[in-house]
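Have a look at the structure below, then the notes.
Naming convention: chains lettered A, B, ... in sequence-line order (proteins, then strands); numbering from 1 in each chain. Excluded from the calculations below are hydrogen atoms, water molecules and symmetry mates; all remaining heavy atoms, backbone and side chain alike, are included.
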Amino acid sequence: MSDSETRGSAGRGDDFIRRIVREDLASGKHQRVVTRWPPEPNGYLHIGHAKAIWLNFGIAAEFGGRCHLRFDDTNPAAESSEFVAAQQADLRWLGYDWGEHLHFASDHFEALYQFALELVRRGRAFVCDLSPEEILERRGTLTEAGSESPFRERSRDENLDIFEQMRAGAFEPGSRVLRAKISMASPVLTMRDPALYRIVAARHHRSGADWPIYPLYDFAHCLSDAIEGVTHSLCTMEFVDHRPLYDWILAALDLPEPRPRQIEFNPLRLTHTVLSKRWCRELIERGHVEGWDDPRMPTLAGLRRRGVPPEAIRALCAGVGVTRREEATTQLARLEFEVRTLLNQSAPRRLGVLRPLKLVIENYPEGQSEEVELANNPEDPAAGTRHTGFGRELYIERDDFAETPPKKFYRLSPGSEVRLRGAYLITCTEVVKNAAGEVSEVRARYDPESRGGSAPDGRRVRGTLHWVSAQHALPATVRLFDRLFLAEDPLATAPGEDFTKHLNPESCVVVEDARVEPALAAFERGACFQLERLGYFCVDLDSKPGRLRLNRTVTLRDTWAKIAARS
RNA sequence: UGGGGCGUCGCCAAAUGGUAAGGCAGCGGCCUUUGGAGCCGCCAUUUGCAGGUUCGAGUCCUGCCGCCCCAGCCA
């Protein structure tokens with residue numbers, strides 16, 4: 001990863017967390033930094049996760065430490081090994097490596113159980129026989145204290161005995177729970193004698209049927225951090241209220257110092273999209289998108305299929321920075337900016353026509369054709385050149401011709417001269433229309449002296465058009481993607497409405513009969529390239545030889561669209 | 001409403017008592033064989049509001065206002 005990328009397009013490569021880490025290293029509190037990224041394997045990773053990944057792995061790398069990948073698999077009912085595999089694949093694609101430090105909370109189940117026993121022995125936890133409903137009733141409210149469980153003062157030995165029976169599988173799910181003995185009067189709801197262990201009758205994807213009881217997040221997380229030697233436990237802002245409990249458990253067990261420290265930061269939020277698992281699932285189930293890897297989805301799988309380079313996602317994370325402003329929402333345009341920046345440097349250029357309009361060069365000999373040379377990437381001479389066929393019959397973009405041109409229209413119109421990129425200068429001589437009065441063909445004369453695109457007499461032409469040879473071009477299906485939602489915040493709806501009212505009806509426009517230059521046939525699935533003047537595209541996963549299928553990742557900046565929109 | 005977090009340009013975000021960076025977006029212009037790219041310029045007399053302390057306040061104090069998070073045996 002390059003320095004500028006690690007630091008981001010705008011960031012200074014510093015933030016309050018890096019400052020803390022630096023101080024902890026400088027003061028000698030820690031010899032080396034250990035972070036962890038702790039996903040639950042219960043779904044697909046999305047761009048919001050990318051920021052936490054970037055932060056945890058990035059800090060470890062920058063300070064010469066290590067970052068563990070730890071699957072937080074304490075809820076067997078929701079988790080599966082399929083998600084474990086999918087998430088690892090997404091992580092690798094994003095560019096991260098955890099080396100030998102692949103961990104699972106389930107690796108720590110026995111150690112966690114022993115810690116729980118110790119907590120009971122110390123009189124800091126008790127088995128509660130209340131039902132979930134009864135516990136809820138006694139939790140109190142935001143303003144009123146809760147009431148203590150009638151089982152709160154059970155003896156140490158009785159607690160030990162019942163908890164061991166829980167572990168042995170003697171009880172039904174929901175019948176009992178191990179709770180921390182803290183305070184039912186705490187203004188922090190998380191501290192009101194929180195549940196630590198519950199009984200779950202579900203097969204665990206790794207431990208199978210070994211355990212009838214499972215630790216809850218608050219218990220498992222801080223202790224897993226401690227067990228693995230994590231120094232800085234970075235999580236998003238919604239866990240601020242959990243920090244007192246994180247610290248309480250580690251202290252109650254007298255764990256050696258220095259203990260892991262939880263530090264919260266703001267999550268990545270994007271406009272025009274929805275990042276919660278629930279809403280993403282709903283989009284799929286209601287048929288608004290085709291699946292988790294639909295190119296309009298904010299999932300890493302979707303972004304990958306869309307053609308978004310992982311470097312662009314990392315650059316976005318670095319660019320938006322790390323603060324504690326939870327509501328900070330990044331504009332989608334910023335992601336597009338990072339994508340364009342990356343692809344402008346790296347994507348090879350090709351020619352393709354989305355909505356073909358036939359162009360006949362009247363003075364070009366029938367039956368003749370030739371090869372013209374085009375730069376693969378004007379930004380990168382090392383990318384070399386290629387040759388592509390040119391002939392009497394071509395296709396140009398419909399939008400590039402206007403019978404009555406608006407002001408400042410530099411493209412083709414009757415009598416105007418333009419350049420066909422890399423080929424010749426042509427002058428429009430005639431417009432052919434069909435019975436419906438639509439332009440069906442344009443005729444022109446070319447200047448044989450202008451081969452390559454410039455005239456020997458030095459005359460300047462304003463417009464340069466992309467084109468494709470009718471004889472050589474390949475047909476392609478192209479999906480033009482745009483933002484899935486029209487509204488910045490799709491979830492902001494009036495009563496009685498839902499987010500579907502904000503769906504963009506044109507989020508996926510399918511062009512069935514595009515024509516592209518033959519060289520595109522050599523591109524593998526997933527390959528990214530620029531169709532000159534149109535945007536960045538990639539070869540779709542479902543593309544087949546002879547049935548080329550392309551996805552538009554993002555358009556180019558379109559100055560003309562702005563000018564045209566103004567008048 | 002109890003607790004917590006947060007308010008600096010349309011968006012993101014620096015500034016750690018010394019006189020409001022930068023990026024995105026936008027707007028002008030230059031340049032151009034992609035109306036792409038690149039380049040130049042403009043874009044906060046003021047930091048939610050009101051007081052106070054100080055030679056000096058976005059930074060410290062007081063009071064208000066606003067937004068967000070928390071009442072799973074989810075994570």
Any chance you could encode RNA chain B as dot-bracket? Rule is Watson-Crick or G-U wobble with both distances under 3.5 Å; [ ] for pairs crossing earlier ones, | for another strand. .((((((..(((.....[...))).(((((.......))))).....(((((..]....))))))))))).....
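Checked for salt-bridge contact, A:Asp225 and A:Arg70 meet the test: a charged N lies under 4.0 Å from a carboxylate O. Under 4.0 Å is where a charged nitrogen must lie from a carboxylate oxygen, and between A:Arg261 and A:Asp247 no such pair does. The pair A:Asp558-A:Arg533 fails the salt-bridge criterion, with no side-chain N (NZ, NE, NH1 or NH2) lying under 4.0 Å from an Asp/Glu carboxylate O. Ion pairing between A:Arg552 and A:Asp482 fails under the 4.0 Å rule for side-chain N and carboxylate O.
Close to B:rC12, at under 4.0 Å from its OP1 or OP2, lies a side-chain N or O of A:Arg325. A:Arg462 has no side-chain polar atom (N or O) that falls below the 4.0 Å cut-off from OP1 or OP2 of B:rG35. In this structure, A:Asn266 does not reach the B:rG5 phosphate: none of its side-chain N or O atoms is under 4.0 Å from OP1 or OP2. Considering only side-chain N and O atoms, A:Arg557 lies nowhere under 4.0 angstrom from the phosphate OP1 or OP2 of B:rG38. Under 4.0 angstrom from either OP1 or OP2 of B:rA13 there lies at least one side-chain N or O belonging to A:Thr323. For A:Arg324 and B:rC6, the shortest distance from a side-chain N or O to OP1 or OP2 is below 4.0 Å.
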Quick tally for nucleotides 65-75 of chain B: nucleotides whose base has a protein heavy atom under 4.0 Å get B, sugar-phosphate-only ones S, the rest -, giving ---SBBBSBSB
ring-ring contact (aromatic ring centres under 6.0 Å, His included), that's the test. Do A:Phe239 and A:His221 meet it? Break it down for me. CA-CA 12 Å; A:Phe239 290 99; A:His221 205 92; 7.5 Å; no
List the steps and the verdict of ring-ring contact (aromatic ring centres under 6.0 Å, His included) for A:Tyr44 and A:Phe83. CA-CA 7 Å; A:Tyr44 285 80; A:Phe83 287 128; 5.7 Å; yes
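Using a 4.0 Å heavy-atom cutoff across all strands shown, A:Thr559 reaches sugar-phosphate atoms only and no base atom. Across all strands, A:Arg350 comes closer than 4.0 Å to no nucleic acid atom at all (heavy-atom distances). Residue A:Arg340 is classed as having no contact, given no heavy-atom separation below 4.0 Å to the nucleic acid. Contacts of A:Arg411 with the nucleic acid, taken as non-hydrogen atoms under 4.0 Å apart, include base atoms. A:Gly422 comes within 4.0 angstrom of a nucleotide base, judged by non-hydrogen atoms across all strands. Contacts of A:Phe219 with the nucleic acid, taken as non-hydrogen atoms under 4.0 Å apart, are absent. Residue A:Arg278 is classed as having no contact, given no heavy-atom separation below 4.0 Å to the nucleic acid.
Taking the P atom of each, B:rG26 and B:rG66 are spaced 34 Å apart, rounded to whole Å.
Cation-pi geometry between A:Arg462 and A:Tyr410 is met: under 6.0 angstrom from the ring centre, within 45 degrees of the axis. Cation-pi geometry between A:Arg18 and A:Trp54 is met: the NZ or CZ atom falls under 6.0 Å from the ring centre, inside 45° of the normal.
Under the 3.5 Å distance criterion, with hydrogens and angles disregarded, no donor-acceptor pair is assigned to the side chains of A:Asn266 and A:Arg324.
Test A:Lys181, A:Arg139, A:Arg152, A:Arg138 against A:Asp193 for side chain to side chain donor-acceptor pair (under 3.5 Å) and you get one pass: A:Arg152.
Applying the 3.5 Å distance criterion, the base of B:rG5 shares no donor-acceptor pair with the side chain of A:Glu264. A donor-acceptor contact under 3.5 Å is formed by the side chain of A:Gln530 with the base of B:rU34.
In this entry the base of B:rG26 is anti relative to its sugar, with a glycosidic angle more than 90° from 0.
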